[in-house]
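Following: one structure in structure tokens, then a few remarks.
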Amino acid sequence: MKYIVGNWKMYPRSFAEAKEIVTEIRPLARKAVQKGVQPVICPPAIFLSGLIGSGTALQFGGQNASAYGEGAFTGEISPVQLASLGAKYVILGHSERRALGETDAMVAAKAIAAAKAGLMIILCVGERERDSDGRYFAEVANQLRASLEDFPESKSVHLMIAYEPVWAIGTEATGAATPRDHEEMSMLLRRTLSELFGKQKGFHIPLLYGGSVDTKNAQSFLDAGADGLLIGRASLRAKDLALIIHNAVQNNA
Ligand code: 13P
């Protein structure tokens with residue numbers, strides 16, 4: 001299965017706009033899933049209940065969740081609550097949340113709680129910048145290990161890893177990484193996951209790429225072996241997201 005995941009961040013401004021995008025994408029989902037492509041939208045959590053339809057192939061996720069199932073935590077949303085709405089995924093450890101102060105230890109606790117709630121975790125890792133000595137490889141491997149501290153091996157089927165180099169994300173990005181960059185990093189991620197969970201389990205965890213993915217470069221990452229894409233800006237343009245899904249379906253023969 002290839003996963004095409006839209007991370008809408010704190011967009012769009014209104015529920016009506018969110019609904020318009022979903023209305024364009026929903027009809028594509030059934031055929032996509034039949035052809036091995038799973039579209040997933042992670043909108044602002046407040047929009048989830050209005051967007052999740054019953055019995056459709058389009059799936060939804062949150063962009064964050066608490067490390068607790070319930071409790072006196074004003075303003076937080078628990079993974080159990082996300083699951084109760086029908087959300088299947090949650091993005092954890094996104095660099096924009098890490099920039100707000102989220103530590104590896106917090107991400108690790110959230111991951112354990114999300115898996116317990118039955119959600120698929122899209123765990124984001126990525127270096128802030130690249131150096132010519134390749135020290136960024138160790139940075140990412142360490143981040144992955146620390147973000148999965150005490151994560152139970154038996155729950156590894158709930159994990160997906162998104163490699164999102166921070167320098168490639170958003171409007172300030174210097175550009176996307178290359179498919180070759182993703183391939184190289186995937187080897188390291190696989191090795192690290194195999195060390196954590198054993199070869200068999202480690203090799204089954206999907207590895208996604210995210211950072212300035214658009215209609216022009218999306219397919220090149222999938223062709224180079226990425227198990228999916230985590231898409232920011234382009235996923236808010238319904239036509240672009242539809243084209244990326246369409247191309248993935250055509251090429252996933
Ligand atoms: P952009 O695709 O807008 O660069 O954002 C990437 C991202 O952060 C997805 O999680």
Side-chain angles (χ1 to χ4, degrees), residues 2-13 17-18 21 25 38-45 47-48 59-65 82 87-102 104 107 110-111 114 119-130 136 139-140 143-144 147 159-179 181-182 185-186 189 205-222 224 226-245 247-248:
K2 300 271 188 188
Y3 299 87
I4 307 292
V5 186
N7 172 13
W8 282 4
K9 310 191 177 183
M10 203 169 70
Y11 301 103
R13 275 172 187 268
E17 289 168 82
I21 304 172
I25 300 302
Q38 177 63 64
V40 180
I41 292 181
C42 299
F47 292 160
L48 273 170
Q59 293 188 334
F60 289 85
Q63 300 173 10
N64 177 36
L82 284 177
K88 298 269 188 285
Y89 299 78
V90 65
I91 298 170
L92 291 179
H94 193 281
S95 58
E96 289 157 8
R97 294 210 55 84
R98 292 179 187 267
L100 292 172
E102 207 164 277
D104 289 335
V107 176
K110 289 175 177 205
L119 296 172
M120 284 296 294
I121 298 151
I122 302 169
L123 176 64
C124 301
V125 293
E127 75 279 8
R128 303 205 67 75
E129 51 193 21
R130 290 207 158 187
Y136 61 90
E139 179 187 342
V140 174
Q143 193 185 35
L144 181 63
S147 301
L159 280 176
M160 296 162 69
I161 310 297
Y163 170 52
E164 292 214 323
V166 181
W167 50 267
I169 293 175
T171 49
E172 310 279 291
T174 49
T178 64
D181 290 331
H182 182 256
M185 193 54 81
S186 293
L189 295 174
I205 296 172
L207 301 182
L208 281 55
Y209 171 74
S212 293
V213 172
D214 58 22
T215 53
K216 293 193 185 73
N217 63 21
Q219 196 56 42
S220 64
F221 287 98
L222 297 176
D227 299 312
L229 303 167
L230 184 53
I231 312 171
R233 286 156 292 164
S235 74
L236 284 145
R237 298 187 290 266
K239 298 229 162 355
D240 287 8
L241 183 57
L243 184 59
I244 291 170
I245 295 168
N247 288 340

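Numbering of ligands and ligand atoms starts at 1, following listing order. Keep in mind it's a predicted model, so treat the numbers as computed, not measured.
The nearest protein atom to atom 3 (O) of ligand 1, hydrogens excluded, is given as R233 NE, 2.6 Å; this is a heavy-atom distance. Considering only non-hydrogen protein atoms, atom 9 (C) of ligand 1 sits nearest to E164 OE2, 2.9 Å.
Aromatic ring pairs are classed by plane angle as parallel below 30°, tilted from 30° to 60° and perpendicular above 60°; the pair F221 and Y209 is parallel.
Under a 4.0 Å criterion applied to the non-hydrogen atoms of L230, ligand 1 contributes the atoms 9 (C), 10 (O). Interface of G232 with ligand 1, defined as ligand atoms under 4.0 Å from a residue heavy atom, comprises 1 (P), 2 (O), 3 (O), 5 (O), 6 (C), 9 (C). Listed by atom number, the atoms of ligand 1 under 4.0 Å from K9 heavy atoms are 5 (O), 6 (C), 7 (C), 8 (O). If you number the atoms of ligand 1 from 1 as listed, the ones under 4.0 Å from a heavy atom of S212 come out as 1 (P), 2 (O), 4 (O).
G170 counts as a contact of ligand 1, since one of its heavy atoms falls under 4.0 Å from the ligand. For the pair G210 and ligand 1, no heavy-atom separation below 4.0 Å is found.
Residues passing the salt bridge (charged side-chain N to carboxylate O under 4.0 Å, His left out) test with K9, sequence neighbours excluded: E96.
Of all heavy-atom pairs spanning L229 and L208, the tightest one is N-CG, 3.9 Å. The shortest heavy-atom contact between Y89 and L119 is N-CD2, 4.1 Å.
With a heavy-atom cut-off of 4.0 Å, N7 touches ligand 1 through its side chain alone.
A donor and an acceptor atom, one from each side chain of H94 and E164, are located under 3.5 Å apart. Using modelled atom types, one finds a donor on one side chain and an acceptor on the other under 3.5 Å when comparing R98 with S147.
Remark: Y11 OH is loosely packed, at most 12 non-hydrogen atoms of other residues, nucleotides or ligands lying under 6.0 Å away.
An N or O contact shorter than 3.5 Å is missing between G211 and ligand 1 by distance.
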